[in-house]
Amino acid sequence: MESNFVDYVKIYCRSGKGGRGSMHLRHVKYNPNGGPDGGDGGKGGSIILRGNHNYWTLLHLKYERHIFAEHGGNGGKDKCHGTDGKDVYIDVPCGTVVYDAETGKYVCDITYDGQEIVLLKGGRGGLGNFQFRTATNQAPRYAQPGEPMQEMTIILELKLLADVGLVGFPNAGKSTLLSSLSNARPKIANYPFTTMEPSLGIVGYRDNKSFVMADIPGIIEGAAEGKGLGLRFLRHIERNSLLLFMVPGDTDDIKREYEILLNELRQFNPDMLDKHRVLAITKCDLLDDELVEMLRETLPNDLPCVFISAVANKGLDELKDVLWRELNAESNKLAAVMAEDTLVHRDKDMTRFAEELADEGEDDDIEYVDEEDIEDIEDYEDFEYE
């Protein structure tokens with residue numbers, strides 16, 4: 001069954017062209033030389049992106065491959081102004097990043113509810129001949145064509161906004177931990193890649209405080225190169241304030257697995273290494289106290305380490321204390337502010353772009369232009385002001 005979670009869509013957008021100005025001379029009874037009265041053309045509609053907290057996925061845009069704004073109406077006689085084309089609003093969930101599908105360049109970012117960004121501006125309407133009247137040219141016989149529309153094929157990528165992101169190999173216990181700490185109910189089973197889509201959960205803390213935790217599918221060695229589920233979900237942890245690395249306690253070498261996970265993040269985006277990190281040793285209900293003490297000596301010294309068992313409800317309160325302390329550390333808040341303007345502005349790597357399109361089932365050939373619009377563009381380029 002196809003998942004309802006869609007975090008990647010490709011859309012061809014086109015704003016409206018401006019309406020033509022009218023070239024009309026007034027001829028009425030008893031006033032045969034009424035002069036110019038051609039009205040201006042209407043403004044074309046714009047394409048506007050708008051943040052909407054009621055959406056958590058891009059599913060509503062998956063099959064809307066073309067989005068066109070209305071063209072402006074042409075001007076008329078008696079100085080009648082053409083109708084303005086209606087703007088088209090594209091509602092997207094908070095955390096959506098927009099890229100130019102042709103070049104991979106970063107375009108904009110929607111981060112909060114109600115935020116509006118004009119993606120493509122509608123063309124201005126052409127001036128009617130009434131606007132060109134002068135003392136020496138009282139009957140101008142020309143008017144402006146409207147400005148042409150703008151067009152762009154864009155990629156919309158959703159990056160989950162969460163405080164804590166879970167990072168680990170398949171079957172590390174990430175989904176089990178999320179279900180134990182929150183009311184989220186991700187799929188849990190004893191086989192790799194049980195989690196095929198990200199899950200969010202709100203973790204309650206003391207004094208009615210809470211934070212958001214995100215579970216992404218498991219990472220394997222070589223994920224940054226496209227292995228396993230590849231690059232599809234690694235982008236979701238770019239927006240997390242804190243990374244919680246999870247390694248099972250029965251692993252042969254815990255430190256080595258942690259370094260493999262860290263290396264995959266480094267290859268995908270080196271900026272993610274600047275985030276605060278916490279290491280959780282899971283499934284410690286299978287370990288006795290003596291073995292736990294032996295494992296402590298082999299763990300990395302540069303980050304907090306916690307032994308937990310989500311099934312046995314062991315160490316979870318200590319884990320929440322550590323996560324809350326790291327989330328509210330001054331250094332973490334400062335790093336988040338500094339990264340806000342740099343992390344999401346990275347252009348898309350076009351060497352992997354074709355693979356991403358194939359993984360998402362997107363088609364490259366979706367562009368569309370009317371022949372009438374092409375003629376209007378040529379008219380506008382050939383127009384000369386007098």
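For this chain, numbers begin at 1 and follow the sequence in order.
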(request) Sequence neighbours left out, what passes side-chain contact (heavy atoms from CB on, under 4.5 Å) with T96? Give chain and number order. (result) L58, V92, P93, L156, L158

(request) Compare every heavy atom of I155 with every heavy atom of A101, then report the nearest pair and how far apart it is. (result) CB-CG1, 3.8 Å

(message) I'd like to check S182 versus M213 (side-chain heavy atoms, cut-off strictly below 4.5 Å). Are they in contact?
(response) no

(request) Mind listing the closest non-hydrogen atom pair of R65 and K10 along with its distance? (result) NE-O, 3.5 Å

(message) If hydrophobic clusters are built from ILVMFWY residues whose side chains come within less than 4.5 Å, do L25 and L127 share one?
(response) no

(request) Could you tell me whether the side chain of H276 and the main chain of L242 form a donor-acceptor pair under 3.5 Å? (result) no

(request) Measure the spacing between CD1 of I308 and CG of L177 and express it to the nearest 0.5 Å. (result) 4.5 Å

(request) Mind checking the CD1-SG spacing from I154 to C13? Nearest 0.5 Å is all I need. (result) 4.0 Å

(message) Which heavy atom of L261 sits nearest to which heavy atom of M246, and what is that distance?
(response) CD1-O, 4.4 Å

(request) With sequence neighbours left out, write down each residue that passes ring-ring contact (aromatic ring centres under 6.0 Å, His included) with Y55, or none if nothing qualifies. (result) H60

(message) I'd like to check the side-chain contact (heavy atoms from CB on, under 4.5 Å) partners of D302; sequence neighbours left out, ordered by chain and number.
(response) R277, P300

Name each donor-acceptor pair under 3.5 Å that joins a side chain in residues 309-324 to protein atoms two or more places apart or in another chain, with its distance.
| residue | atom | partner | partner atom | Å |
| --- | --- | --- | --- | --- |
| S309 | OG | D285 | OD1 | 3.1 |
| S309 | OG | A312 | N | 3.3 |
| K320 | NZ | G204 | O | 3.4 |
| D321 | OD1 | Y205 | OH | 2.7 |
| D321 | OD1 | R206 | NH1 | 2.5 |
| D321 | OD1 | R206 | NH2 | 3.3 |
| D321 | OD2 | R206 | NH2 | 3.3 |

(message) Between H81 and D40, does the side-chain hydrogen bond (donor to acceptor under 3.5 Å, both in side chains) criterion hold? Intermediate values first, please.
(response) CA-CA 5 Å; H81 195 287; D40 301 339; 4.9 Å; no

(message) Less than 4.5 Å apart, side chain to side chain, heavy atoms only: is that true for V6 and Y63?
(response) no

(message) Any carboxylate oxygen within less than 4.0 angstrom of a Lys/Arg side-chain nitrogen, looking at E70 and K86?
(response) no

(message) Using every non-hydrogen atom in the two residues, find where Y99 and Y106 come nearest and quote the distance to one decimal.
(response) CD2-CA, 3.8 Å

(message) Strictly distance-based, threshold 3.5 Å: is any side-chain N or O of Q144 a donor or acceptor partner for the main-chain N or O of G126?
(response) no

(request) Kindly indicate whether the side chain of T176, heavy atoms from C-beta on, has any atom under 4.5 Å from the side chain of T282. (result) no

(request) Would you please name every residue forming a salt bridge (Lys or Arg N to Asp or Glu O under 4.0 Å) with R50, sequence neighbours left out? (result) D91

(message) Has D100 got a side-chain atom pairing as donor or acceptor with K105's backbone, closer than 3.5 angstrom?
(response) no

(message) Could you work out, with side-chain contact (heavy atoms from CB on, under 4.5 Å) as the rule, every residue matching Q150, not counting sequence neighbours?
(response) S15, L120, K121

(request) Examine V167 and L303 and state if one hydrophobic cluster contains both, with Ile, Leu, Val, Met, Phe, Trp and Tyr joined whenever side-chain heavy atoms are less than 4.5 Å apart. (result) yes

(request) For residues R266 and L273, report the shortest heavy-atom separation together with the two atoms involved. (result) NE-CD1, 3.3 Å

(message) Working to the nearest 0.5 angstrom, can you tell me the gap between L181 CG and L166 CG?
(response) 8.5 Å

(message) Please determine whether side-chain contact (heavy atoms from CB on, under 4.5 Å) holds for the pair F245 and L262, giving the CA-CA distance in whole Å, both sets of side-chain angles, and the decisive distance to 0.1 Å.
(response) CA-CA 9 Å; F245 288 79; L262 203 62; 3.7 Å; yes

(message) side-chain contact (heavy atoms from CB on, under 4.5 Å), that's the test. Do C284 and L295 meet it? Break it down for me.
(response) CA-CA 11 Å; C284 68; L295 290 176; over 6 Å; no

(message) So, using side-chain contact (heavy atoms from CB on, under 4.5 Å) as the criterion, who are the partners of V88 when residues are at least two apart?
(response) I47, I67, A69

(request) Would you indicate whether I48, at its atom CD1, is surrounded by more than 12 heavy atoms from other residues, nucleotides or ligands within a distance under 6.0 Å? (result) yes

(message) Once ring-ring contact (aromatic ring centres under 6.0 Å, His included) is applied, do any residues pair with H27, and if so which ones, sequence neighbours excluded?
(response) none

(request) Could you tell me whether a side-chain N or O of K159 sits under 3.5 Å from a main-chain N or O of D7, the two making a donor and an acceptor? (result) no

(message) Would the distance check show the side chain of N129 and the main-chain N or O of H24 forming a donor-acceptor pair, the cut-off being under 3.5 Å?
(response) yes

(request) Output the distance between atom CE (M152) and atom CD1 (I11), rounded to the nearest 0.5 Å. (result) 13.0 Å

(request) Let me see the working for V203 and V164 under side-chain contact (heavy atoms from CB on, under 4.5 Å), right down to the final yes or no. (result) CA-CA 10 Å; V203 179; V164 180; over 6 Å; no

(message) Quick check: closest heavy atoms across D215 and S175, and the distance to 0.1 Å?
(response) OD2-OG, 2.8 Å

(request) Establish whether M23 and F132 are linked, either directly or via other cluster members, by ILVMFWY side-chain heavy-atom contacts under 4.5 Å. (result) no

(message) Suppose we screen for salt bridge (Lys or Arg N to Asp or Glu O under 4.0 Å). Which residues come up paired with E293, at least two apart in sequence or across chains?
(response) R296

(message) For the backbone of N240 and the side chain of K275, can you confirm whether one donor and one acceptor N or O come within less than 3.5 Å of each other?
(response) yes

(message) I'd like to know whether I260 forms a side-chain contact (heavy atoms from CB on, under 4.5 Å) with R256, so could you lay out the CA-CA distance, the side-chain angles of the two residues, the decisive distance to 0.1 Å, and finally the verdict.
(response) CA-CA 6 Å; I260 292 175; R256 180 178 178 277; 3.4 Å; yes

(request) Indicate yes or no: at least one non-hydrogen side-chain atom of Y89 is less than 4.5 angstrom from one of E116. (result) yes

(message) Side chains of N137 and Y142, heavy atoms from C-beta outward: is any pair under 4.5 Å?
(response) yes

(request) Give a yes or no on whether the backbone of H53 and the side-chain of D113 come within a donor-acceptor separation of less than 3.5 Å. (result) yes

(message) Hydrophobic clustering (ILVMFWY, side-chain heavy atoms < 4.5 Å, transitive) - are Y12 and V118 grouped together?
(response) no

(message) When you compare the side chain of E102 with that of T153, does any pair of heavy atoms fall below 4.5 Å?
(response) yes

(request) With sequence neighbours left out, write down each residue that passes salt bridge (Lys or Arg N to Asp or Glu O under 4.0 Å) with D163, or none if nothing qualifies. (result) none

For residues 73-80, which side-chain donor-acceptor pairs fall under 3.5 Å, sequence neighbours excluded?
| residue | atom | partner | partner atom | Å |
| --- | --- | --- | --- | --- |
| N74 | OD1 | R20 | N | 2.8 |
| D78 | OD1 | R26 | NH1 | 2.9 |

(message) Could you check whether any side-chain heavy atom of K255 comes within less than 4.5 Å of a side-chain heavy atom of T298, counting everything from C-beta outward?
(response) no

(message) Between T251 and I254 (side chain of the first, backbone of the second, donor and acceptor by atom type, cut-off under 3.5 Å), is there such a pair?
(response) no

(request) Only counting residues at least two apart or in another chain, list the ones meeting ring-ring contact (aromatic ring centres under 6.0 Å, His included) with F130. (result) none

